[in-house]
Amino acid sequence: MAKWAFSKLEVPAQGNIMDIGCGGGYNVKRLLEASPQATVIGLDLSEESVRKARKINRQEIEKRCRIFKGSVEKLMFQDDQFDLVTAFETVFFWKDVDMAFGNIYRCLKNGGSFAVIHNYGDPKIDWEKKLPCMTRYTAERIASFLSGSGFINVKISKKGNLFCVIGQKA
């Protein structure tokens with residue numbers, strides 16, 4: 001999924017990038033590799049994920065990379081700070097998507113992009129019953145959230161059950 005998604009992203013060569021819901025840090029590592037002059041921030045709610053992400057990216061920690069424990073609903077970053085924000089396999093677990101997208105919009109620089117990448121999963125399975133903390137959205141619904149939060153040039157890419165929705169801050 002990440003390889004396909006990265007083919008859809010325009011990763012800036014420099015600047016500031018954030019991966020929300022960074023998990024074990026593998027996409028942070030990919031972002032560092034794709035953007036040799038950028039600083040990459042990883043953010044995750046899980047202390048265990050933060051620990052793993054720091055370990056995976058230990059060579060770049062405190063140089064070009066920082067990993068924080070935190071929530072997208074309470075982003076601690078300044079306005080107009082990021083050139084790119086990614087969210088791999090995490091939006092389905094956010095409690096308040098409208099608030100989260102608004103926070104991300106605030107933190108993006110003008111012209112910066114936000115990319116939501118997900119595997120919708122088997123549509124025959126009721127994932128919300130299996131994982132009550134989850135709300136599954138279609139790519140079109142994510143695009144609607146982005147547009148409603150002020151993002152422009154919203155684009156949807158799909159491959160099987162995978163989707164990537166990208167919006168840009170005006």
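Positions are given from 1, in the same order as the sequence printed here. These numbers were taken from a predicted model, which means no experiment stands behind them. These values consider heavy atoms only, across backbone and side chains, with no hydrogens, waters or symmetry-generated copies.
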Derivation of the side chain to side chain contact (heavy atoms under 4.5 Å, CB included) call for Thr86 and Met18: CA-CA 6 Å; Thr86 60; Met18 177 168 47; over 6 Å; no
For a 4.5 angstrom cut-off between non-hydrogen side-chain atoms, does His118 reach Asn161? no
Nearest-0.5 Å distance that lies between atom OG in Ser49 and atom NZ in Lys69: 10.5 Å
Between Ala5 and Phe88, what is the shortest heavy-atom contact and its length? CB-CE2, 3.8 Å
Determine the sole option in Asn57, Leu31, Val11, Leu84 for which the side chain to side chain contact (heavy atoms under 4.5 Å, CB included) test with Val40 is passed. Leu31
Is it true that Glu62 and Arg54 have a side-chain N and a carboxylate O under 4.0 angstrom from each other? no
Side-chain donor-acceptor pair present, Glu73, Ser71, cut-off under 3.5 Å: yes
Closest non-hydrogen atoms of Tyr137 and Val97, given as atom of the first, atom of the second and distance, are OH-CG2, 3.5 Å
Taking the side chain from Arg58 and the backbone from Ala53, do they hold a donor-acceptor pair closer than 3.5 Å? no
Return yes if some donor-acceptor pair links the side-chain N/O of Asp83 with the main-chain N/O of Gly112 below 3.5 Å, else return no. no
Please find the pair of heavy atoms, one from Ile56 and one from Gly24, that lie closest to each other, and give the distance. CG1-O, 3.3 Å
Salt bridge present between Arg106 and Asp79 (N-O < 4.0 angstrom): yes
Considering only NZ, NE, NH1 and NH2 on the basic side and carboxylate oxygens on the acidic side, decide whether Arg30 and Asp19 come within less than 4.0 Å. no
Is a donor on one side and an acceptor on the other found under 3.5 Å between the side chain of Lys169 and the backbone of Leu108? yes
Return yes if some donor-acceptor pair links the side-chain N/O of Arg64 with the main-chain N/O of Thr39 below 3.5 Å, else return no. no
For Phe6, look at atom CZ and say whether over 12 heavy atoms of other residues, nucleotides or ligands are found less than 6.0 Å away. yes
Side-chain donor-acceptor pair under 3.5 Å between Gln81 and Asn16, yes or no? no
More than 12 foreign heavy atoms under 6.0 Å from CD of Glu48: is that the case here? no
Test of ring centre spacing under 6.0 Å for Phe82 and Phe114: no
In short, Val28 meets Gly42 closest at the heavy-atom pair CG2-CA, 4.0 Å
Keeping Asn153 on the side-chain end and Gly167 on the backbone end, is there a donor-acceptor pair under 3.5 Å? no
So, for Thr90 and Gly21, which heavy atoms are closest and what is the spacing to 0.1 Å? OG1-CA, 4.0 Å
Within the 4.5 Å heavy-atom criterion, are Leu162 and Trp4 side-chain neighbours or not? yes
Closest non-hydrogen atoms of Val154 and Ala143, given as atom of the first, atom of the second and distance, are CG1-CB, 3.6 Å
Contact between Phe163 and Ile117 at the side-chain level, heavy atoms closer than 4.5 Å - yes or no? no
